[in-house]
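Worksheet: one structure, shown below.
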Amino acid sequence: MDRELKTLCLTVLALLLLGSAALASQLGMAPALLCLLVSTGTWLIIYRAAWNKREKNRPSEDAPMHMRLGSANRITLLRGALIAMLAGFLVLPHANTALVWIAAGLYSMAAILDRLDGYIARISKSHSLMGAELDTFVDALGLLIAPVLALMYGKIHPLYLLASLAFYLFTLGLNHRIKNGLRVAPLPPSKRRRIFAGFQMGFIAFALFPPFQSEQTVIVSLVFLTPLLIGFIIDWMVVSTFTTPQRMESVLSAPLYYLETVLLPLLRLGIVVGLVFFALESAIPMAQLFIIGAVVLALLLGILSTVANCIVLLLLCSLWSTDLPALHSTSLLIAASFSAILGAGKYSLLRWDDHWIARRDGEAQ
């Protein structure tokens, strides 16, 4: 396995060198070398993390080690290589639209592969402590580098960087408590945590693409940030023993009930009203009118509502950016963002998309 890791490290370094050579022919030697330096440094951080965790390439602490790195860990390291390449764009001129497209494509591939590595590990029964820790490490690093890049492009609000720092602040706080002998409670598994993290990756990936307008993506970034930070606060209260998971579940049961049965259905209805108003007041092409009709029907019936809300966000951030009054556009953006990330709510006929987002592919349901 050690040899596998070393070979993979050298392969990625060679690819980074080739990429910098291609950049040098377009932008000049100085920007290309700076990009290579940043990308190489980022990759070596990821490689060092993998190397230090290699003794944990086993299903549990008392289980024998896997002798091979495994397909799932290779995919996770491929995601790390993509993040390392993305880091190089932090020092490149973002006025170059072609470079922005490449950066958005790199992070999109990394986000898609995030779903694949866990799936491969589960179906091949090759999951490991190393894989789980490395996956979290790469996720956190990606959600630090990509939002900083998005902020440089003007696509997110500066406050969104709290989402990037939350994981590191949480870890530092946890280590501080352990070092000082303070009580630390285990953090129970949570579908909510996975869903919110997955939405952040998806949002940043789409926000980086040039067609999506910064006026809209900045608003969406604040909406997506809100439930993530609330989730981190709740998790911190649990691990710091300020409360227990059972007590927190009891406190949140009533608000979550009304969220599911009242607020989310009303939110869907409000989006429908906003879309109908837009269709009646604007002269829009037949293709867009057809899309609006399909989305309105989906939201009314609760059929794949998360998908429908994501379509609304895509259209609001691109095609409709200048077609709606500012207040109307902002209201729709906020409503569709909350509805997408929190789910369809009750009175929905088909919630396959919500279940797909929450589940772990390859795991028995």
Side-chain angles (χ1 to χ4, degrees), residues 108 111-112 115 155-156 160 163 191-192 194-209 211-213 215-228 230-231 256 258-279 282 284 287-321 323-324 327-359:
S108 295
I112 291 168
R115 186 95 185 189
K155 292 299 192 75
I156 61 172
Y160 189 85
K191 287 184 178 181
R192 162 193 52 81
R194 292 202 323 272
I195 291 170
F196 290 170
F199 265 104
Q200 308 311 313
M201 281 188 270
F203 163 67
I204 291 296
F206 111 82
L208 283 171
F209 282 102
F212 301 115
Q213 305 298 310
E215 292 83 355
Q216 284 74 36
T217 57
V218 165
I219 296 170
V220 178
S221 70
L222 289 174
V223 176
F224 274 45
L225 171 68
T226 303
L228 182 76
I230 291 173
L256 289 176
Y258 287 109
L259 177 72
E260 180 78 7
T261 59
V262 179
L263 181 58
L264 290 177
L266 284 177
L267 210 53
R268 279 169 32 216
L269 185 59
I271 297 167
V272 166
V273 172
L275 291 175
V276 170
F277 174 81
F278 171 63
S282 307
I284 55 177
Q288 286 189 35
L289 192 60
F290 177 79
I291 293 173
I292 293 173
V295 168
V296 164
L297 185 61
L299 290 174
L300 276 176
L301 299 178
I303 298 174
L304 303 180
S305 296
T306 299
V307 172
N309 280 306
C310 287
I311 292 172
V312 173
L313 291 177
L314 290 172
L315 293 173
L316 283 172
C317 293
S318 54
L319 299 178
W320 299 350
S321 57
D323 295 338
L324 284 171
L327 181 61
H328 190 173
S329 175
T330 301
S331 301
L332 268 177
L333 273 172
I334 293 172
S337 299
F338 272 122
S339 189
I341 197 170
L342 296 177
K346 204 173 179 183
Y347 318 116
S348 299
L349 294 182
L350 179 62
R351 299 183 66 173
W352 175 86
D353 48 348
D354 284 352
H355 298 314
W356 181 82
I357 291 167
R359 81 182 184 193

Atom [atom1] of [X] and atom [atom2] of [Y]: how far apart are they, to the nearest 0.5 Å?
X      : Y      : atom1 : atom2 : value
Ile291 : Leu275 : CD1   : CG    : 11.5 Å
Lys346 : Arg268 : NZ    : CZ    : 12.0 Å
Leu267 : Ser337 : CG    : OG    : 9.5 Å
Ile219 : Thr330 : CD1   : OG1   : 4.0 Å
Phe196 : Ile341 : CZ    : CD1   : 5.5 Å
Thr217 : Ile156 : OG1   : CD1   : 8.5 Å

My understanding is that only residues two or more places apart in sequence, or in another chain, count here; which of them pass ring-ring contact (aromatic ring centres under 6.0 Å, His included) with Phe212?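 If we apply the ring-ring contact (aromatic ring centres under 6.0 Å, His included) test to Phe212, skipping adjacent residues, the hits are Phe206.
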
If the condition is ring-ring contact (aromatic ring centres under 6.0 Å, His included), which residues does Phe209 pass it with, not counting sequence neighbours?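 Residues passing ring-ring contact (aromatic ring centres under 6.0 Å, His included) with Phe209: Trp101.
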
Counting only pairs under 3.5 Å, give me each side-chain donor-acceptor contact of residues 293-316, with atom names and distances, residues two or more places apart or in other chains.
unit_1	atom_1	unit_2	atom_2	d
Thr306	OG1	Asp354	OD1	2.4
Asn309	ND2	Ser305	O	3.0
Asn309	ND2	Ser339	OG	2.8

For [X] and [Y], work out which heavy atoms get closest and say how close.
X      : Y      : value
Gly345 : Leu264 : CA-CB, 3.7 Å
Ala344 : Arg351 : N-NH2, 3.9 Å
Leu228 : Ala163 : CD2-CB, 3.4 Å
Gln216 : Cys317 : CB-SG, 3.5 Å

Might you work through the side chain to side chain contact (heavy atoms under 4.5 Å, CB included) test for Tyr160 and Ile204, ending with a clear yes or no? CA-CA 10 Å; Tyr160 189 85; Ile204 291 296; 3.6 Å; yes

With side-chain contact (heavy atoms from CB on, under 4.5 Å) as the test, pick out the partner of Leu333 among Leu222, Val218, Val223, Val220.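 Result for side-chain contact (heavy atoms from CB on, under 4.5 Å) with Leu333: Val220.
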
